[in-house]
*Asks:* 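Handing you this structure, nothing more for now.
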Amino acid sequence: MDRASTDLLADLTARGLIHDTTDRANLETRLASGPMSLYVGFDPTADSLHVGHLVGQLFLRRFQMAGHKPYPLAGGATGMVGDPSGRSDERNLLDLDTLRHNVSRIELQLQRLLDFTPGTAQAVLVNNADWTEPVHLLDFLRDVGKFVTVNQMLAKDSVRSRLDSDNGLSFTEFSYSLLQANDFRHLYEHHGVELQAGGSDQWGNIVAGVDLIRRGLGKSAHAITHPLVTKADGTKFGKSVDGAVWLDPDKTSPYAFRQFWIQVDDVMVARYLEMFSLRPLEDVRATVEAHAEAPEKRLAQRELARELTVMVHGPEAADAADEAAAVLFGADPTQASEAALVVVAREVPSSAMQSAQLDDLLGTLVDTGLASSKSEARRTLQQKGYRANGVQLDENAQLSDIALLHGRYLLLRKGKANHHLVEIS
RNA sequence: GGGUCGGUACCCAAGCGGCCAAAGGGAGCAGACUGUAAAUCUGCCGGCUCAGCCUUCGUAGGUUCGAAUCCUUCCCGGCCCA
């Protein structure tokens with residue numbers, strides 16, 4: 001276990017997961033001396049975490065695999081205030097019901113990727129509302145505020161950029177880092193948590209906690225941040241055409257989640273594998289090399305998608321997503337099993353129709369949403385953009401001429417990746 | 001309140017009496033090529049009962065054989081003056 005701990009920082013470094021740490025030698029020594037506790041906070045700004053949060057969650061997981069004790073934290077209290085970090089304008093406060101609901105959803109997700117079975121490295125889920133709500137204002141000002149100077153707070157990038165902007169910064173958001181600092185102190189005092197991790201945008205908030213622990217308790221704590229995940233073209237990571245890629249299967253289906261990773265650019269796939277995969281770095285590097293040999297096989301993307309889909313949604317959902325993709329992107333849908341088509345029906349837009357409706361080809365294409373107007377349907381037909389059960393359609397095509405899959409399915413496809421499954425009755 | 005410039009299709013933007021469903025660029029869609037990638041090239045990119053017809057150029061009227069283009073009303077935006 002000591003060996004694992006010693007290697008941990010080296011492994012994280014090799015994976016490009018370390019942006020900044022407090023005194024590195026110190027941290028290394030501490031890690032080598034035995035298991036420690038660490039925490040990462042997640043604010044309930046939505047009713048689900050998204051792929052951008054995975055790096056933080058996996059940070060906890062990596063430490064746990066090395067024998068350390070992770071404390072995933074749901075920001076029931078900090079979520080009420082709003083973190084100004086990385087934002088150019090003031091957040092809208094969420095109402096309490098929404099917040100409570102969000103916390104409960106996020107707590108479920110925080111329990112997915114970590115090991116909660118009893119043991120020295122057992123994960124512990126905490127919520128900062130539990131120790132923040134009971135605190136009285138005057139106590140807070142005396143016990144926390146007194147250890148922090150406004151001068152320091154004003155020096156933070158996140159604060160300064162807002163002061164320079166037209167949008168200003170409310171006192172509420174200004175105080176955010178005090179709450180987070182107090183979290184770290186609380187966890188240090190009551191749970192022996194010595195390390196806080198987070199994204200590089202959290203550095204200021206994290207070291208505020210380190211400072212508070214030193215000034216208030218006379219103890220020394222550690223901080224570590226990971227780089228924020230970026231995309232090759234500079235656009236925000238974690239957004240697909242349909243919006244954010246959520247971890248909640250009701251918000252982003254396991255199939256859509258899988259596809260998000262499958263469609264990662266070649267230039268970024270090695271980086272993402274290093275950052276997200278829990279497999280040993282040598283294995284990851286071997287995959288990347290094999291990928292470079294034959295990039296058209298998308299080996300790296302497939303490994304990445306498989307591992308993360310299994311991790312987040314479980315092996316059954318990952319199998320079903322694989323199968324659906326095989327039907328949709330495989331050469332010949334007529335070979336698909338009926339079970340696979342049932343999966344597909346859940347994953348792509350689908351509808352039920354009478355066989356007579358198929359006589360109206362243009363109408364069907366509009367009804368299924370594969371064309372926004374009959375004109376567009378006609379144009380796309382002229383451009384050979386539609387297939388039905390794998391057969392290319394033209395303007396004179398009759399859908400009724402096409403053999404249904406398993407006697408009742410018609411799989412329509414526009415272009416490469418737009419599908420609609422019609423069940424005929 | 002006065003003056004002035006402007007409001008064109010998803011976005012930017014040309015057009016300034018007929019050849020205008022409206023140049024060009026971007027975005028988007030399809031095809032070729034591919035690898036469910038990137039790049040490139042080609043086509044499309046208001047609607048329909050599609051060799052034709054209908055509805056669009058802030059709004060409502062008007063002039064004209066004919067208007068996105070000229071005149072007037074009103075609405076909205078920029079700038080200057082008060």
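This is a predicted model, so every value here is computed, not measured. In the text below, chain A, chain B and the rest are named by the order of the sequence lines, each starting its count at 1.
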*Asks:* In whole angstrom, what separates A:Glu395's CD from B:rC44's P?
*Replies:* 14 Å
*Asks:* When the C1' atoms of B:rC71 and B:rC54 are compared, how many Å lie between them, rounded to an integer?
*Replies:* 28 Å
*Asks:* Rounding to an integer number of Å, can you tell me how far A:Asp322 CG sits from B:rU36 C1'?
*Replies:* 13 Å
*Asks:* In a check of ring-ring contact (aromatic ring centres under 6.0 Å, His included) between A:Tyr39 and each of A:Phe59, A:Phe63, A:Phe184, which one passes?
*Replies:* A:Phe184
*Asks:* Just the rounded figure in Å: distance from P of B:rG43 to CD of A:Gln382.
*Replies:* 15 Å
*Asks:* For nucleotides B:rU56 and B:rC41, find the distance between their C1' atoms and express it as a whole number of Å.
*Replies:* 33 Å
*Asks:* Given A:Asp47, which partner from the list A:Lys251, A:Arg105, A:Arg100 fulfils the salt bridge (Lys or Arg N to Asp or Glu O under 4.0 Å) test?
*Replies:* A:Lys251
*Asks:* Could you check A:Arg298 against A:Glu303 for salt bridge (Lys or Arg N to Asp or Glu O under 4.0 Å), going step by step and ending with a plain yes or no?
*Replies:* CA-CA 9 Å; A:Arg298 309 179 74 77; A:Glu303 295 253 359; over 6 Å; no
*Asks:* In whole angstrom, what separates A:Ile262's CD1 from B:rA38's P?
*Replies:* 14 Å
*Asks:* Determine: side-chain N/O of A:Asn418 to OP1/OP2 of B:rU36, distance under 4.0 Å, yes or no.
*Replies:* no
*Asks:* For atom P, what is the distance between B:rG58 and B:rC16, given to the nearest Å?
*Replies:* 16 Å
*Asks:* Quickly, which of A:Leu114, A:Leu110, A:Val40 forms a side-chain contact (heavy atoms from CB on, under 4.5 Å) with A:Pro70? Name it, please.
*Replies:* A:Leu114
*Asks:* Rounding to an integer number of Å, can you tell me how far A:Phe329 CZ sits from B:rU36 C1'?
*Replies:* 5 Å
*Asks:* Which side-chain N or O atoms in residues 353-360 of chain A pair as donor and acceptor under 3.5 Å with protein atoms at least two apart or in another chain?
*Replies:*
unit_1: A:Gln357; atom_1: OE1; unit_2: A:Gln354; atom_2: N; d: 2.8
unit_1: A:Asp360; atom_1: OD1; unit_2: A:Gly363; atom_2: N; d: 3.0

*Asks:* Using the P atoms only, state how far B:rG2 lies from B:rC20, rounded to an integer number of Å.
*Replies:* 40 Å
*Asks:* P atom, B:rU59 versus B:rU55: distance in rounded Å?
*Replies:* 15 Å
*Asks:* Could you tell me how far B:rC33 sits from B:rA22 if I compare only their P atoms? Round to whole Å.
*Replies:* 31 Å
*Asks:* How long is the line joining CZ of A:Arg413 and P of B:rC29, in whole Å?
*Replies:* 15 Å
*Asks:* Spell out protein contact along nucleotides 45-52 of chain B as letters: B when the base is contacted, S when just the sugar-phosphate is, - when no protein heavy atom is under 4.0 Å; keep the 5' to 3' order.
*Replies:* S-SBSB--
*Asks:* Minimum heavy-atom separation for A:Ile402 and A:Ala388, please, with both atom names.
*Replies:* CD1-CB, 3.6 Å
*Asks:* How far, in whole Å, is B:rC50 from B:rA37 if one measures between their P atoms?
*Replies:* 35 Å
*Asks:* Rounding to an integer number of Å, can you tell me how far A:Asp266 CG sits from B:rA39 P?
*Replies:* 12 Å
*Asks:* When you check the phosphate oxygens OP1 and OP2 of B:rA37, does a side-chain N or O of A:Lys416 lie under 4.0 Å from one of them?
*Replies:* yes
*Asks:* Please work out if A:Ala325 contacts a base, only the sugar-phosphate, or nothing of the nucleic acid, heavy-atom cut-off 4.0 Å.
*Replies:* base
*Asks:* Using a cut-off of 4.0 Å on non-hydrogen atoms, how would the nucleic acid contact of A:Arg258 be classed: base, sugar-phosphate, or nothing?
*Replies:* base
*Asks:* Quick one: label A:Lys414 by what it contacts on the DNA or RNA (base, sugar-phosphate, nothing), any heavy atom closer than 4.0 Å.
*Replies:* sugar-phosphate
*Asks:* Any sub-3.5 Å donor-acceptor pair from A:His53's side-chain atoms to A:His50's backbone N or O?
*Replies:* yes
*Asks:* Between B:rC74 and B:rG28, how many Å separate the two P atoms, rounded to a whole number?
*Replies:* 43 Å
*Asks:* So what does A:Lys384 hit on the nucleic acid, given a heavy-atom distance under 4.0 Å: a base, only sugar-phosphate, or nothing?
*Replies:* sugar-phosphate
*Asks:* Taking atom types as modelled, is there a side-chain donor on A:His226 or A:Ser200 under 3.5 Å from an acceptor on the other?
*Replies:* no
